[in-house]
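Chain letters run A, B, ... following the sequence lines, proteins first, then strands; residues in each count from 1. Since we're looking at a predicted model, the values are computed, not measured.
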Number of protein chains: 2
Amino acid sequence: MTATPQTSAETPHTESRSKEPRTARGRKTLRLILDAAAEEFGARGYHEGSIARIAQRAGVAIGSFYTYFDSKEAVFRALVADMSRQVREHVVPFILAAPDRLAGERAGLTAYLDFVRTHKALYRIIDESAFVAEDAYRRHYVDVADGYATSLEQAFGRGEVSDGDWQVRAWAIMGMNVFLGLKYGVWDDGRPVDEIAAAAHALIADGLAPPR
Amino acid sequence: MTATPQTSAETPHTESRSKEPRTARGRKTLRLILDAAAEEFGARGYHEGSIARIAQRAGVAIGSFYTYFDSKEAVFRALVADMSRQVREHVVPFILAAPDRLAGERAGLTAYLDFVRTHKALYRIIDESAFVAEDAYRRHYVDVADGYATSLEQAFGRGEVSDGDWQVRAWAIMGMNVFLGLKYGVWDDGRPVDEIAAAAHALIADGLAPPR
DNA sequence: TCAGGAGTTGAATCCTGGTTCAGGTTTCAG
DNA sequence: CTGAAACCTGAACCAGGATTCAACTCCTGA
């Protein structure tokens, strides 16, 4: 349950991976297991998902799983970190490529919705981490929010957005995007993503107040 | 905490309750179990929560639990439905009391944050239902969103808000509120709620676009 | 060529905790 | 008062599934 004794040079890092593979063969197996775990947890959720089934999907024995991870929770945590990274890596470039922050907001949401539609499993895993690994979940959103707040503040410096409370705004916009992702990415993928992004963009840019 | 069965007139539904209590004594026990379940699930979450502990908290035998509910999932579902109602019953009056929709938005968020801060357990239960009872979770948010959309559209009729995509706006604002609730209600209750609500209100009302 | 570390295997172990059940006790209509 | 329905009780049962482990096989460096 606790960290492996790991008699050799104590590895300070490696929070979730019990042991790094030493050979190409090992790295390949680890990857198989990680991918299988993503499938399994994505499809059945953490508690319904089983190690035996992960091993089966990966085409390895149960014991091999424990060569790379200390526990069920450990794989899950590794997955969350990995997918958190994936989302950002997919979305951020679109934001940066846009001419200004507000256009970036729109492009980012479009990219995000696209990503969610093609990675519904991932979405579920990050969400479920709130209950399996609170700290990992929290870290994910706090990281995103901080990046967001900073980005907004810089945009303010360039005169692209109005002044305001950056943290609150960051959390608000993030929540907006997450829920739109849930609604129009996971649950209802009928409407084109640009349409959603356009509507959301209009809201974020000008608000609800009637024109004067 | 929970809704009293109230009407002795036969409730047509009873999906989750296996059997309605017939006597005052039974109603009292059901109430004890329901409240105990809210505490237990709120504190430990669905999967960590145990029936034995719920029974203990309620001060009844395990068997009594099964007199009123068919399974662990059944109590959970009953709770979700009940709390979904509670949130709305607490927040809606504040929105209605406001002079116009935008002011209502602000009052509603303030009330919501207040509620979350004093009912963190409840918050967790509704959130976790996404994985235990997807349909119940979905129903909760779809209901809220629909109410929201309708309300916004009516406000538009009165000239209080601009025209736009009501559904997208409803989901966006809902997500915004939920995340602000998570951040400033559950995780970080240091800042005064009005402050948060004011900042969010500014965003919803006028958006991020710089003044022209 | 060969030792031994890296990796693999999957049946067996173990434990948690939901659910059942065979009686008792209480309530209340008639 | 009285009997049956409504309730209550908690030990025992049992399934599911995470984790362990002792015995292989594979690979590489000397």
Side-chain angles (χ1 to χ4, degrees), chain A residues 1-9 11 14 16-34 36-37 40-41 43-79 132-133, chain B residues 5 8 10 14 16-34 36-37 40-41 43-79 131-133:
Chain A
M1 182 146 272
T2 36
T4 39
Q6 210 86 21
T7 349
S8 46
T11 41
T14 316
S16 47
R17 207 80 43 70
S18 103
K19 204 182 175 192
E20 214 62 35
R22 295 271 118 86
T23 72
R25 186 193 180 197
R27 275 189 291 280
K28 189 177 158 198
T29 302
L30 173 56
R31 160 60 2 104
L32 285 172
I33 293 176
L34 229 16
E40 175 72 3
F41 288 138
R44 314 217 178 201
Y46 181 74
H47 292 281
E48 301 304 310
S50 91
I51 303 293
R53 220 176 280 118
I54 289 176
Q56 195 171 33
R57 280 182 196 265
V60 304
I62 294 180
S64 291
F65 172 91
Y66 285 93
T67 300
Y68 299 102
F69 296 97
D70 286 331
S71 66
K72 186 180 184 181
E73 192 180 320
V75 219
F76 193 77
R77 282 176 179 279
L79 276 180
V132 179
Chain B
S8 43
E10 92 274 53
T14 313
S16 47
R17 210 78 45 71
S18 98
K19 203 184 175 191
E20 215 60 34
R22 295 270 116 87
T23 71
R25 185 193 180 195
R27 274 188 292 279
K28 187 177 158 199
T29 301
L30 173 57
R31 150 60 40 77
L32 286 172
I33 293 176
L34 230 16
E40 175 72 3
F41 288 138
R44 314 218 177 200
Y46 181 74
H47 291 281
E48 302 304 312
S50 90
I51 302 294
R53 221 175 280 119
I54 289 176
Q56 195 170 32
R57 280 183 196 264
V60 303
I62 294 180
S64 291
F65 173 91
Y66 285 94
T67 300
Y68 299 102
F69 296 97
D70 286 331
S71 66
K72 186 181 184 180
E73 192 179 320
V75 219
F76 194 77
R77 283 177 178 278
L79 277 179
F131 307 98
V132 178

Check whether any side-chain nitrogen or oxygen of [X] sits under 4.0 Å from OP1 or OP2 of [N], and answer yes or no.
X     : N      : result
B:T29 : D:dC8  : yes
A:Y66 : D:dC21 : no
B:T23 : D:dC7  : yes
A:T67 : C:dG7  : no

Can a donor-acceptor pair be found, under 3.5 Å and without considering hydrogens, that links the side chain of A:E40 to the backbone of A:S50?
yes
Roughly, in whole Å, what's the span from [atom1] in [X] to [atom2] in [N]?
X     : N      : atom1 : atom2 : answer
B:I33 : D:dC8  : CD1   : P     : 7 Å
B:L30 : D:dA6  : CG    : C1'   : 14 Å
A:Y46 : D:dG16 : OH    : P     : 19 Å
A:K72 : D:dA18 : NZ    : P     : 4 Å
A:I62 : C:dT8  : CD1   : P     : 15 Å
A:H47 : D:dA15 : NE2   : P     : 23 Å
A:D70 : D:dT20 : CG    : C1'   : 13 Å
A:R44 : D:dA18 : CZ    : P     : 12 Å

Mapping B:A61 and A:G49 to their closest nucleotides on DNA chain D, which lands nearer the 5' end?
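With B:A61 and A:G49 compared, the 5'-side residue is B:A61.
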Want to settle it: does A:G63 or A:I51 sit nearer the 5' end of DNA chain D, counting the closest nucleotide to each?
A:I51
Toward the 5' end of DNA chain C, which comes first, B:R25 or B:E73, by nearest nucleotide?
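Here B:E73 is the residue nearer the 5' end.
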Shortest non-hydrogen contact from A:S64 toward A:I33
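A:S64 and A:I33 have their closest heavy atoms at O-CD1, 4.0 Å.
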Closest heavy-atom contact between A:Y68 and A:P21?
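For A:Y68 versus A:P21, the nearest heavy atoms are CE2-CB, 3.8 Å.
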Output the single nucleotide from C:dG7, D:dC7, C:dT9 whose closest atom is nearest the side chain of A:V60.
C:dT9
Look at all strands and tell whether A:S64 reaches a base, only sugar-phosphate, or nothing, counting heavy atoms closer than 4.0 Å.
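Result for A:S64 = base.
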Over 60° means perpendicular and under 30° means parallel, so tell me whether A:H47 and B:H47 are parallel, tilted or perpendicular.
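Answer is parallel, since the angle falls under 30°.
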Check this for me: B:E73, atom CD, are more than 12 non-hydrogen atoms of other residues, nucleotides or ligands nearer than 6.0 Å?
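Atom CD in B:E73 is crowded, with more than 12 foreign heavy atoms closer than 6.0 Å.
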